[in-house]
Amino acid sequence: MSEAALALEGVEKTYLKGTPGEVRVLAGASLTLAAGELVAMVAPSGAGKSTLLHIAGLLDTPDAGHVAIGGAEMSGRPDRARTMARRGDVGFIYQFHHLLPEFTALENIVLPQLANGASRKEAETRAMDLLGRVGVAKRADHRPAALSGGEQQRVAFCRALANGPRLLLADEPTGNLDPGTSDQVFGVLMDLVRETGLSALIATHNLALADQMDRVVRLAEGRIAPV
Ligand code: ADP
């Protein structure tokens, strides 16, 4: 059996701990994603979805509990090991594209690959391949401001997949688009994820989109529960 792409076990997180404003966001959240599995996470705003995604993606550390990526335990590992795993194994997509405005679409997908040790030639070839798959190859030389919202988000998908991650984490990836564009861009994302065989945890408010995934879970009272 292949390793779980992501395993969260008993994850706890409290902000402003020990102060009157203490917020207990995660209270023993556990979730396992099999290799190639697509899971939707639904919850109201403020339930802790971003917190959980940041912990899963090694951008933040839990107060207690375990995080493993591809079977490798990450809790308590040094920063350098966590950074390496994050760069190589995890791709992020946010509600807003967060592309670098002064660089072209192509460069935005090339740069993370250079940071991960790829040659410029390899990185450009891969970037063009990814842009072609999401139907934006003709816009490769455009800066983000010259792209539509849907195109910007497609480029952001390519950037997230640039280093061939095993795990994709997405926080309301189409939440900023109008409904028609959202459905279309989400379809592109699903195709890309299925084609590349990676696992994905996608937070969304959109139940119709959530139903297209392999499994839907909800985050309630700091824990993950089936829907
Ligand atoms: P969601 O993504 O589901 O909207 P978040 O994970 O962003 O939820 O936030 C969960 C709760 O934690 C919210 O009440 C939010 O205000 C609080 N929170 C998030 N980040 C911080 C922080 N850095 N400091 C204090 N409270 C925070």
Side-chain angles (χ1 to χ4, degrees), residues 5-6 8 13 15 25-26 31 33 38-61 67 69 82-83 85-113 115-116 127 130-131 134 136 139 142-145 147-179 181-193 196 198-206 209-210 212-213 217 219:
L6 170 69
L8 300 176
K13 185 77 179 178
Y15 290 114
V25 182
L26 299 176
L31 175 67
L33 258 71
L38 261 75
V39 176
M41 174 168 58
V42 293
S45 186
K49 298 184 296 296
S50 304
T51 301
L52 185 130
L53 289 171
H54 285 160
I55 289 173
L58 310 176
L59 290 167
D60 199 358
T61 48
V67 179
I69 294 184
R82 293 167 56 85
T83 302
R86 184 168 65 240
R87 274 198 201 141
D89 290 341
V90 185
F92 275 98
I93 303 172
Y94 300 93
Q95 182 173 353
F96 299 97
H97 59 79
H98 293 309
L99 295 170
L100 299 170
E102 66 275 39
F103 291 99
T104 64
L106 185 83
E107 284 293 309
N108 267 281
I109 306 166
V110 163
L111 291 172
Q113 297 180 72
N116 203 37
L130 285 165
L131 283 170
V134 300
V136 191
R139 302 278 181 273
H142 292 223
R143 290 187 184 182
L147 302 173
S148 71
E151 287 169 343
Q152 290 168 346
Q153 206 54 335
R154 289 176 201 221
V155 175
F157 297 169
C158 297
R159 181 189 49 187
L161 269 58
N163 286 328
R166 62 171 79 221
L167 175 66
L168 179 71
L169 300 170
D171 199 351
E172 296 282 349
T174 58
N176 187 39
L177 303 173
D178 65 73
T181 309
S182 167
D183 287 354
Q184 194 190 35
V185 170
F186 200 84
V188 169
L189 178 61
M190 289 291 97
D191 290 348
L192 198 56
V193 168
T196 48
L198 83 171
S199 310
L201 178 60
I202 302 182
T204 179
H205 285 303
N206 188 325
L209 297 183
Q212 296 174 29
M213 292 180 233
V217 296
L219 178 59

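Nearest heavy atoms, V67 versus A56: CG1-O, 4.1 Å. For V42 against T204, the heavy-atom pair with the smallest separation is CG1-O, 3.2 Å. Shown here for A203 and L53, the closest heavy-atom pair between the two residues is CB-CD1, 4.0 Å. Looking at every heavy atom in both residues, A127 comes nearest to L106 through CB-CD1, 3.7 Å. Minimum heavy-atom separation, I109 to C158: CD1-CB, 3.4 Å. Taking every heavy atom of both residues into account, P173 and I93 meet most closely at CB-CG2, 3.9 Å.
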Check your understanding: Given L201 and M41, is the side-chain contact (heavy atoms from CB on, under 4.5 Å) satisfied, shown in steps?
Key -> CA-CA 7 Å; L201 178 60; M41 174 168 58; 4.1 Å; yes
Exercise for review: Determine, step by step, whether R82 and L58 satisfy the side-chain contact (heavy atoms from CB on, under 4.5 Å) criterion, reporting the C-alpha distance in whole Å, the side-chain angles of both residues, the deciding distance to 0.1 Å, and the verdict.
Suggested key: CA-CA 6 Å; R82 293 167 56 85; L58 310 176; 3.9 Å; yes
Exercise for review: For side-chain contact (heavy atoms from CB on, under 4.5 Å), just list the numbers for H97 and R159, CA-CA rounded to whole Å, side-chain angles, deciding distance to a tenth of an Å, and then say yes or no.
Suggested key: CA-CA 10 Å; H97 59 79; R159 181 189 49 187; 5.5 Å; no
Review point. Could you go step by step and tell me if L8 and L33 meet the side-chain contact (heavy atoms from CB on, under 4.5 Å) rule?
Key: CA-CA 9 Å; L8 300 176; L33 258 71; over 6 Å; no
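Rounding to the nearest 0.5 Å places CD1 of I69 at 7.0 Å from CG of L169. In this structure, NZ in K49 is found 12.0 Å from NE2 in H54, a value given to the nearest 0.5 Å. Here E172 contributes atom CD and H205 contributes atom NE2; the two are 4.0 Å apart, rounded to the nearest 0.5 Å. Here the CZ atom belonging to R166 is positioned 13.5 Å from the OG1 atom belonging to T196, to the nearest 0.5 angstrom. A distance of 9.0 Å separates CG in L177 from CD in Q95, rounded to the nearest 0.5 Å. Here the CD atom belonging to Q152 is positioned 14.0 Å from the CZ atom belonging to R143, to the nearest 0.5 angstrom.
Contact annotation: the side chain of P165 approaches that of L198 to within less than 4.5 Å [non-hydrogen atoms, C-beta and beyond]. Considering only heavy atoms from C-beta on, N206 stays 4.5 Å or farther from T174 through its side chain. F186 places a side-chain heavy atom less than 4.5 Å from the side chain of I202. Residues Y15 and T51 meet the side-chain proximity criterion, which asks for heavy atoms closer than 4.5 Å. With a 4.5 Å cut-off on side-chain heavy atoms, T104 and H142 do not count as touching. At a threshold of 4.5 Å between non-hydrogen side-chain atoms, the residues S182 and L209 count as touching.
Under the side-chain contact (heavy atoms from CB on, under 4.5 Å) test applied with L168, the options L189, L192, L38 reduce to a single match, L189. The side-chain contact (heavy atoms from CB on, under 4.5 Å) test with I55 singles out one residue from L26, V25, T61, and that residue is L26.
Pairs passing the salt bridge (Lys or Arg N to Asp or Glu O under 4.0 Å) check and including a residue from residues 147-157, sequence neighbours excluded, read R139-E151.
In this view, Y94 and F92, H98 satisfy the ring pair (Phe, Tyr, Trp, His ring centres under 6.0 Å) rule, not counting sequence neighbours.
A side-chain donor-acceptor contact under 3.5 Å links N108 to the backbone of L100.
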